[in-house]
Amino acid sequence: MEFIRNRLTRKNGDGSLKVQPELRPSINRSSSIRAHELGRRVSSIQSSDPSLCVACRQLNLSRAYQTLVTSTYSPGGVLLGQLQDDPAASKCPLCQILSLVCKETCLATRSLSYGLPLELRAFYLLPHLAAQWVKGGKTFIEDRSSDFFVAAVPSQFSMAPGDSDRAMFDDMVSKRGFLVYRDDRNVEDRMLKPRFITPHFDPCVVQDWLHTCVSQHDGCRLVQRPQPSLNLIDCQSPYVVKAVDILTGSDTMKDRIGRDFKNGVFTTESAELPEYVALSYVWGHGIDVSKVVLNGSKLPEPLPAVVEDAIVVVLKLGYRYLWVDKYCIDNHDKEVKHEQLMHMDSIYKNAALTIVAAAGADESYGLPGLSRLRPGRQLSLKRDAESYALISTLPLPHSAIAKSKWATRGWTYQEAILSRRRLVFTDEQLYFECNSTCYAEGFDMSFDDHLLGSGTSHDNNFIRPSLFSLKKLAHSNFDGKAARLSNFFTYVHCAEQYSKRTLSFDHDSLLAFGGIIKVLESTTTFPVRHIWGIPFFHPDDDNLADDQLKMTYQSFQLRPFSKSPVLKDNNAPRILPSDVGVDYLAYLMLGLSWRHSPSVSPRRRNDLPSWSWTGWEGSLIWPELTQNSDIRSAAWAETAISLGPNSSDYVPESYHKSIDTHLLTQGNKSLHIRTPAISRKAFLFDESSCTLALSTGGDVKLYPSKNGLDAQKVFKRIQSGRYEVIRLATVDEDAYMMLMKRYHNSYYRIGTMAVKDTYLTYSLFTSKINTYKLR
């Protein structure tokens with residue numbers, strides 16, 4: 001039992017052990033009572049201090065609530081009165097708090113660009129918090145189910161959406177939080193209140209969140225049976241155990257750790273594998289996986305701080321088992337390791353909770369609130385005689401999570417996306433997001449049904465998942481085209497976000513995205529398939545009979561990724577998708593139309609295909625898609641895509657039916673595109689602007705992936721025949737092209753080009769049809 005005791009005890013200052021309180025059962029109540037009890041921790045200016053300045057005394061803040069509810073509300077808030085010009089220079093406690101919480105607006109008042117009096121205004125909290133929580137969401141200017149906050153702003157300060165003043169204000173509260181007004185005479189029926197954050201992890205807050213999710217959210221329930229081969233850390237012993245042994249009551253397991261427990265620990269009454277918590281974290285540098293503990297063996301000592309702390313969290317929340325990749329994946333058997341890595345989607349999807357360590361640089365940092373205390377920077381001013389208090393909140397944790405080391409690592413992206421419930425540890429507070437809602441520890445959300453159901457129409461938007469949900473296109477008419485576009489959009493959005501992250505090993509590029517691929521390939525309606533990460537749709541998956549009946553242009557008799565020319569007139573009208581059915585070739589060409597962001601310096605991953613985004617390191621983007629996007633390929637050009645030199649070697653079953661990315665590493669990395677190239681004479685170089693253009697008049701945008709390429713170099717090498725350009729997909733009015741470098745008998749993708757589709761006419765293409773072997 002020493003293993004358990006070590007993890008549930010802390011040392012006092014004199015070195016003696018301080019046993020933590022026993023686990024408290026999950027409760028269904030508002031945490032507001034706890035917030036009140038924890039108020040002693042916050043740095044405060046007591047009400048016994050009478051030294052408010054003259055300007056602040058004239059504000060009459062004791063009547064601020066009545067002033068707000070009886071005034072006509074506008075985006076600019078409600079004026080409460082004027083303040084000193086320089087609150088930072090005053091000894092007044094209210095001025096001091098305002099100078100800290102509203103630092104940017106106070107400084108702006110003193111700048112030459114303003115030179116206006118400083119005012120104190122009141123704003124309803126929930127609308128502004130919702131705008132911070134869901135970027136780009138609609139902001140409702142009034143909501144009386146929440147408290148309001150006060151802010152010092154210059155007079156004539158514009159709070160209109162899109163104004164530079166509003167941008168500065170929003171940036172300020174995103175960094176410093178809100179100064180919330182609490183009237184002790186009007187504390188009932190508040191859906192949202194500020195919460196005081198303790199130095200130590202408080203399991204009761206998390207238990208409230210978990211209880212709400214488990215009892216109310218159908219979308220967060222387990223929908224997939226866990227893998228029986230799963231290995232787990234038993235947090236009540238120092239061993240890694242097999243989940244199947246827990247299920248069957250293995251004698252080996254009983255002999256190893258049964259001495260620590262009473263009767264009935266291992267039973268076969270439940271057909272389901274045990275509930276477990278997963279850990280998402282950043283490994284340290286120079287980790288030798290060959291020295292990591294074998295499956296089923298005793299855990300090493302000492303454990304990394306983040307694992308030690310995660311074990312404590314698991315036990316305090318009432319769970320027993322923890323999954324940590326370093327100890328639960330067999331790194332000594334390549335075949336077994338691969339098998340386990342291919343089930344990453346199942347591992348995180350089936351975890352009852354995923355702990356995300358978004359603080360510190362690596363595993364040695366631990367979880368704030370456990371092995372290290374959380375810093376406190378909340379401020380308060382309480383005026384007992386006047387029955388009101390001002391309490392500063394912590395900023396929302398979204399920015400801290402986005403800027404964390406954890407958010408830069410490739411593997412952690414799918415770990416968060418695939419999980420049903422995430423508990424994120426930042427340096428200052430917790431953040432919880434399930435598939436249905438989200439909570440920040442700095443704000444006490446009431447769990448009373450009558451309050452949650454009584455708010456305005458944006459309540460659901462305010463608490464909806466905002467960081468880790470799969471992004472989809474919004475569509476008013478969910479027809480086949482919209483659904484297909486939405487699924488494709490989800491895939492490329494995930495790939496774009498993932499590409500912003502880094503990996504320690506290039507060969508993990510596709511593997512660390514494999515869980516996302518598996519989820520999107522497993523959807524029942526229009527699953528998105530892939531070839532080395534390039535997304536596409538396959539007609540075998542098309543389950544819309546109406547679309548199949550309209551396949552006059554691309555029938556099932558034709559290979560799914562080839563097209564014969566039907567129009568050779570330069571001015572022929574465009575055939576719209578509604579006339580021809582589904583252009584599967586166009587979607588595959590769209591998948592190839594990715595490009596690197598202009599601000600990055602891409603790097604090739606030489607063991608992976610140049611035509612796939614997985615073969616490059618660096619942030620990338622696809623053409624922008626909307627619910628009405630028109631995706632098409634050239635109607636007049638013969639085009640075919642295959643994985644071999646023969647026309648019969650089109651995309652095989654193993655690529656569009658299998659969800660095992662490992663099969664690709666054993667297969668062909670070449671892509672054969674049979675199509676006419678764009679003629680060298682089609683390109684012009686404008687020396688005055690150093691840009692490319694077409695001879696038909698269209699300006700060409702160049703998106704190089706190869707470092708050091710500019711328009712002049714590309715032009716010269718196209719003219720010399722070293723580079724060639726082929727057409728890809730057209731999205732709405734923009735046509736995309738692939739820039740290729742010839743090397744011996746093969747070609748390598750080195751960039752993307754774009755031009756208005758009207759300028760890319762038939763006359764610009766060569767009459768010869770070539771097969772380009774892309775490596």
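All residue numbers refer to positions in the sequence shown, counting from 1.
Using a 30° and 60° split on the angle between ring planes, F489 and H493 fall in the parallel class, below 30°. Ring planes of W613 and Y498: perpendicular class, angle over 60° (limits at 30 and 60°).
Residue W532 holds its CH2 atom at 5.0 Å from NZ of K669, rounded to the nearest 0.5 Å. Atom CG in D325 sits 9.0 Å away from atom CH2 in W411 (nearest 0.5 Å).
Sequence neighbours left out, the pairs with a member in residues 494-516 that pass salt bridge (charged side-chain N to carboxylate O under 4.0 Å, His left out) are D506-R603, D506-R605. Residue pairs satisfying the side chain to side chain donor-acceptor pair (under 3.5 Å) criterion with at least one member in residues 708-717, sequence neighbours excluded, are listed as follows: R717-Y723.
Remark: the backbone N or O of E415 is not paired with any side-chain donor or acceptor of S280 at under 3.5 angstrom. Remark: the backbone N or O of P527 is not paired with any side-chain donor or acceptor of N487 at under 3.5 angstrom. T752 places no side-chain N or O within 3.5 Å of a backbone atom of M738 that could act as its donor or acceptor partner. Judged by distance alone, with hydrogens and angles left aside, the side-chain atoms of W616 form a donor-acceptor pair with the main-chain N or O of S610 at under 3.5 Å. At least one donor-acceptor pair closer than 3.5 Å links the side chain of S404 to the backbone N or O of I401.
Looking at residues two or more places apart in sequence or on another chain, you find no ring pair (Phe, Tyr, Trp, His ring centres under 6.0 Å) involving H217. Y759 meets the ring pair (Phe, Tyr, Trp, His ring centres under 6.0 Å) test with no other residue; sequence neighbours excluded. F488 pairs by the ring pair (Phe, Tyr, Trp, His ring centres under 6.0 Å) definition with F537, Y587, not counting sequence neighbours. Annotation: ring pair (Phe, Tyr, Trp, His ring centres under 6.0 Å) contacts of Y743 (sequence neighbours excluded): none.
Checked against the 6.0 Å centroid threshold, F536 and Y491 do not count as a close aromatic pair.
Of all non-hydrogen atoms in I678 and F765, the two that sit nearest each other are CG1-CE2, 3.6 Å. Minimum heavy-atom separation, L418 to D345: CD1-CA, 3.5 Å. Of all heavy-atom pairs between A729 and L590, the closest is CB-N, 3.5 Å. Minimum heavy-atom separation, R420 to N350: NH2-O, 3.3 Å.
Within 6.0 Å of CD in E624 there are 12 or fewer heavy atoms belonging to other residues, nucleotides or ligands.
When P598, S597, P602 are each tested for a side-chain contact (heavy atoms from CB on, under 4.5 Å) with S619, only one passes: S597. Checked options R595, R749, R604; the residue passing with S705 is R749 (criterion: side chain to side chain donor-acceptor pair (under 3.5 Å)).
Salt bridge present: D757 and R727 bring a charged side-chain N and a carboxylate O closer than 4.0 Å.
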